[in-house]
Amino acid sequence: MQSEDLIKLIRKVQTQKCETQTVEVKAANNGCPTRLFDTLSSFSNQDGGGVIIFGMDEKQGFGIVGVYDAQDLQHRVVEQCKQMQPAVRPLFTVCEADSMILVSAEIPGVDISERPVYYKGVGRVKGSFVRVGEADEPMSDYEIYSFDAYRRRVHDDIRIAELAEVSQFRPELIAQYVAAVK
């Protein structure tokens, strides 16, 4: 993202006064946020990825507060990205707006075959998130299973039920199904 594009995005967030499916804001004027894992996971687990803007404070009406140190912030964000599985590779942009320095981290969506992206510190089940509107929500067991099934090419709908017996099936329903398929 170019600096001009970041400034446009900042102004859009200020006008709309909300985060979105692909935009998260963090104040970062008093240091790097210590828990970015849920946002890194949720952005990585959606096709378009997302952008974290550091230097805006949601509690101050999405006002610009700047970042404490752009260089150190980038370093600390990368350290958190390395704690993800697979590792997240952000693309940073630094710009100036209202005489303050802001930093954005573009988080790319990973290929569906590598999902879910999760925080290694708590494991796959508790460390996998999905973006729902402006919130990062824990993935359900089913969502995690769906990614695993895709990766392993599991087709539950056509898998053989080895313990099933013919006596468990109702012949009239099977006949209706076969007629509908034909």
Side-chain angles (χ1 to χ4, degrees), residues 1-2 5-6 8-26 33 35-53 58 62 77-78 80-93 104-182:
M1 169 183 315
Q2 299 292 321
D5 296 328
L6 177 54
K8 286 179 187 175
L9 181 58
I10 290 165
R11 299 301 181 211
K12 182 178 178 182
V13 170
Q14 286 182 312
T15 300
Q16 295 176 344
K17 296 207 180 300
C18 71
E19 297 172 317
T20 64
Q21 187 76 27
T22 57
V23 177
E24 175 84 14
V25 301
K26 300 287 186 185
R35 184 166 162 74
L36 297 172
F37 307 117
D38 49 355
T39 302
L40 295 173
S41 173
S42 65
F43 281 166
S44 297
N45 288 324
Q46 63 185 11
D47 292 337
V51 178
I52 305 171
I53 302 173
E58 183 177 0
F62 295 92
V77 170
V78 168
Q80 290 189 53
C81 289
K82 289 178 182 177
Q83 296 178 49
M84 305 300 290
Q85 181 63 40
V88 174
R89 302 290 184 220
L91 175 64
F92 292 100
T93 303
S104 71
E106 292 177 73
I107 309 301
V110 301
D111 188 77
I112 193 168
S113 65
E114 296 183 45
R115 295 179 193 168
V117 175
Y118 62 94
Y119 172 48
K120 292 187 282 191
V122 295
R124 183 181 200 133
V125 174
K126 292 186 180 180
S128 297
F129 289 81
V130 64
R131 189 79 172 178
V132 180
E134 54 83 40
D136 303 311
E137 298 288 334
M139 272 192 188
S140 67
D141 292 338
Y142 177 75
E143 288 168 319
I144 294 170
Y145 172 78
S146 294
F147 285 124
D148 290 339
Y150 177 84
R151 184 180 307 104
R152 292 187 322 236
R153 294 181 172 81
V154 172
H155 299 283
D156 287 327
D157 55 335
I158 61 171
R159 189 170 18 174
I160 295 172
E162 296 177 11
L163 299 178
E165 297 177 11
V166 175
S167 62
Q168 295 174 316
F169 296 103
R170 293 177 47 199
E172 66 278 5
L173 293 179
I174 292 174
Q176 286 177 355
Y177 172 73
V178 171
V181 170
K182 287 183 182 179

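Starting from 1, each residue takes its place in the sequence as its number.
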More than 12 heavy atoms of other groups within 6.0 Å of R89 CZ: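 Count not over threshold, so no.
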
Using a 4.5 Å cut-off on heavy atoms from C-beta on, say whether the side chain of [Y] contacts that of [X].
X    : Y   : value
E19  : F62 : yes
C81  : L40 : yes
I107 : T39 : no

Mind listing the side-chain donor-acceptor pairs of residues 116-125 below 3.5 Å, one per line with the distance, residues two or more places apart or on another chain?
| unit_1 | atom_1 | unit_2 | atom_2 | d |
| --- | --- | --- | --- | --- |
| R124 | NH2 | D148 | OD1 | 2.5 |

Per-pair distances, 0.1 Å, donor-acceptor, side chain in residues 161-179, under 3.5 Å, sequence neighbours excluded:
| unit_1 | atom_1 | unit_2 | atom_2 | d |
| --- | --- | --- | --- | --- |
| Q168 | OE1 | E165 | N | 2.8 |
| R170 | NE | E172 | OE2 | 3.0 |
| R170 | NH2 | E172 | OE2 | 3.2 |

Listed partners of Q85 passing side chain to side chain donor-acceptor pair (under 3.5 Å), at least two apart: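 Testing Q85 for side chain to side chain donor-acceptor pair (under 3.5 Å), a comparison that skips the adjacent residues, returns none.
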
Side chain to side chain contact (heavy atoms under 4.5 Å, CB included) against S41, all qualifying residues, sequence neighbours excluded: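 With sequence neighbours excluded, S41 shows a side chain to side chain contact (heavy atoms under 4.5 Å, CB included) to N45, M84, F129, given in chain and number order.
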
For D111, side chain to side chain contact (heavy atoms under 4.5 Å, CB included) partners two or more places apart: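 If we apply the side chain to side chain contact (heavy atoms under 4.5 Å, CB included) test to D111, skipping adjacent residues, the hits are S113, E114.
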
Shortest non-hydrogen contact from S104 toward M1: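 That would be OG-SD, 4.3 Å.
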
Spacing of L36 atom CG and I52 atom CD1 [to the nearest 0.5 Å]: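 Here the interatomic distance stands at 5.5 Å.
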
Spacing of CG belonging to D141 relative to OG belonging to S146, to within rounding of 0.5 Å: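 Reported to 0.5 Å precision, the distance equals 10.5 Å.
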
R131: salt bridge (Lys or Arg N to Asp or Glu O under 4.0 Å) partners, not counting sequence neighbours: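 Result, salt bridge (Lys or Arg N to Asp or Glu O under 4.0 Å) vs R131: E24, D136.
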
